[in-house]
Each structure stands twice: as C-alpha cells, then as structure tokens.
Amino acid sequence: DIKGFVFDLDGVITDTSVLHGTAWHQLADYLGVAWSKELADGLKGISRMDSLEMILKAGGKENDYTPEQKVELAAKKNTNYVAEVDKMTPANILPGMKAFLDDIRDKGYLLSLASASKNAPRVLAKLELTDYFPEIVDPASLKHGKPDPEIYTKGAQLLNLDPAQCVGLEDAAAGVQAINAAGETSLGIGDATELGAADMVFADTSLVTLANIEKHMA
Ligand code: G6P
Ligand code: MG
C-alpha cells in the first residue's frame, strides 16, 4: 500500500521550471550557444553545474572555460533565477497542487521533497509550503544526480518507508527514470511521449488527485 509521496519541486509544485529555463536560455545566449526545446527539456531535473556542462557541450564549448569560470557562470545564472524566485507568492503554486497537498496530509500520508535544487527551501518559503515538507533531501549530500535513483531512495528513507510504499512525482524524464530505478511508483506530469517511462502520466497538475492515482494503481 502507498504510504508516502516523494515530490519533485520545479515543474511539479510550482512552475519554476519556466524560470530555470529562462535563466539558462539567457546564459546560453551570453555564451553564444544555440537554444532548443530539446536542450531545455534535457536540463529539467539536472543539477546546476551539470546543467551548465550540458549547455557548454551543446555548443562544443566545454573546454573553453576553467573550473573557476564555470562556477562564476553558474552563479550568474543563479543570481538571475533567484531574483525571479523572490517575486513569487503562493499564487505561483500550480493548479490543484495545494488541494492535493492538503488532501494527502489530512489523510495521513507522509511527504518528502526530492528536488535537485539548492534553492528549494527558498522556493517553498515563497509559496508558504515550508510546513508541508519537514523532510527534504539535501541535494548537496548526493553522489549522483537524476536519473540516478539516489535522491528518490533518500526521499523514501527520510519517511522510514520502503520505496514500494512511495509514489514519486516528476515533470522530467530524468526524474521519472530516477523514481523507477528507486523502485517507487512513478507519476509523470506533462507530455506522455516525453514521460513514457512513468507508471502513470497526467497532462497537468490539476489532474493529480488521490482518486485519479487510485484509478491508475487498481
Ligand atoms: C531542479 C530543476 C533544474 C535545476 C536544478 C538545480 O532539478 O529542475 O532545472 O537546474 O533543480 O537547481 P538550483 O536551484 O540548485 O540551481
Ligand atoms: Mg522538475
């Protein structure tokens, strides 16, 4: 039986995936790297430094910068991203997600957060959702990012649950792969072609309800 939910944040609880995308797009323009939907989708769920490497590789520029310069470039993107995050309010919670969080919490399910973002606590605070997530996997503690299962394995461990007792929620293909590899039930939010590996896919967050999940689990 399902006893817990392990949440991705960006693109699942709130549309920060758009803000991340815009900030990376700006940096790619600055670096002279062509932007594409494929590149944008591939960056979802990927850590800050790995995202920068992917962008540089896409432009054949991975050897053009020293490690110190790469840290500066990533910091530049983060400064732009954080400026956008600081404008956020609870109105930026994606449709239906507040109701879903209230419903599962009221029914006694356990919740944890498995976001690769070091800004996750800041985003939760802006959304006034900090209290919903006493258990947050610290992305700085990870040896491997998504699609490695580590972050989702830790998300279940924080709840003292077996992975088989958890549903993981993701908008990124790399995240769905991580959930599957961790042995949790994967719930994808977005394009069914992109998230085809998920156990269930919902087109948008307004469809994420316990009733709909139970229908798919039956
Ligand atoms: C999430 C987002 C990615 C982002 C990563 C790191 O996984 O989906 O787009 O790059 O977090 O975020 P951070 O806020 O630490 O730069
Ligand atoms: Mg995401």
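Every number for a ligand or one of its atoms is a count from 1 in the order of the listing.
- Atoms of ligand 1 found under 4.0 Å from any heavy atom of S51, numbered from 1 in the order shown, are 10 (O).
- Protein heavy atom nearest atom 9 (O) of ligand 1, with residue, atom name and distance: H20 CG, 3.6 Å.
- Of all atoms in ligand 1, numbered sequentially from 1 with element shown, those under 4.0 Å from a heavy atom of D10 are 1 (C), 2 (C), 8 (O), 11 (O).
- The only member of L113, D138, V137, I179 that meets side-chain contact (heavy atoms from CB on, under 4.5 Å) when paired with I151 is V137.
- When atom types are taken as modelled, the side chain of K154 and the backbone of L142 share no donor-acceptor pair closer than 3.5 angstrom.
- Of all atoms in ligand 1, listed by their number and element, those nearer than 4.0 Å to a heavy atom of R48 are 6 (C), 13 (P), 14 (O), 15 (O), 16 (O).
- At a 4.0 Å heavy-atom cut-off, ligand 1 touches I46 through the backbone alone.
- Considering D8, D50, D10 in turn, D8 is the only one that fulfils the salt bridge (Lys or Arg N to Asp or Glu O under 4.0 Å) rule with K146.
- For ligand 1, the atoms closer than 4.0 angstrom to any heavy atom of G45 are 2 (C), 3 (C), 7 (O), 8 (O).
- A salt bridge does not link E72 to K76: none of the charged side-chain nitrogens sits closer than 4.0 Å to a carboxylate oxygen.
- Checking each of D171, T205, L129 against I13 for a side-chain contact (heavy atoms from CB on, under 4.5 Å) leaves exactly one that passes, namely L129.
- Any N or O atom pair closer than 3.5 Å counts here, and N119 shares at least one such pair with ligand 1.
- Exactly one of Y132, Y152, F133 qualifies for a ring pair (Phe, Tyr, Trp, His ring centres under 6.0 Å) with F7. That residue is F133.
- At least one N or O atom of K118, backbone or side chain, sits closer than 3.5 Å to an N or O atom of ligand 1.
- Closest to the Mg ion (ligand 2) among the N, O or S atoms of D171 is OD1.
- By the 4.0 Å N-to-carboxylate-O rule, D86 lies close enough to R122 to be salt-bridged with it.
- Distances from the Mg ion (ligand 2) to each N, O or S atom of D8 single out OD2 as the nearest.
- The Mg ion (ligand 2) has an N, O or S atom of D10 under 2.8 Å away, backbone or side chain.
- Distances below 4.0 Å separate heavy atoms of L43 from the following atoms of ligand 1: 9 (O).
- Between E84 and K87, some side-chain heavy-atom pair lies under the 4.5 Å cut-off.
- At least one N or O atom of S117 sits closer than 3.5 Å to an N or O atom of ligand 1.
- Ring planes of Y109 and F5: perpendicular class, angle over 60° (limits at 30 and 60°).
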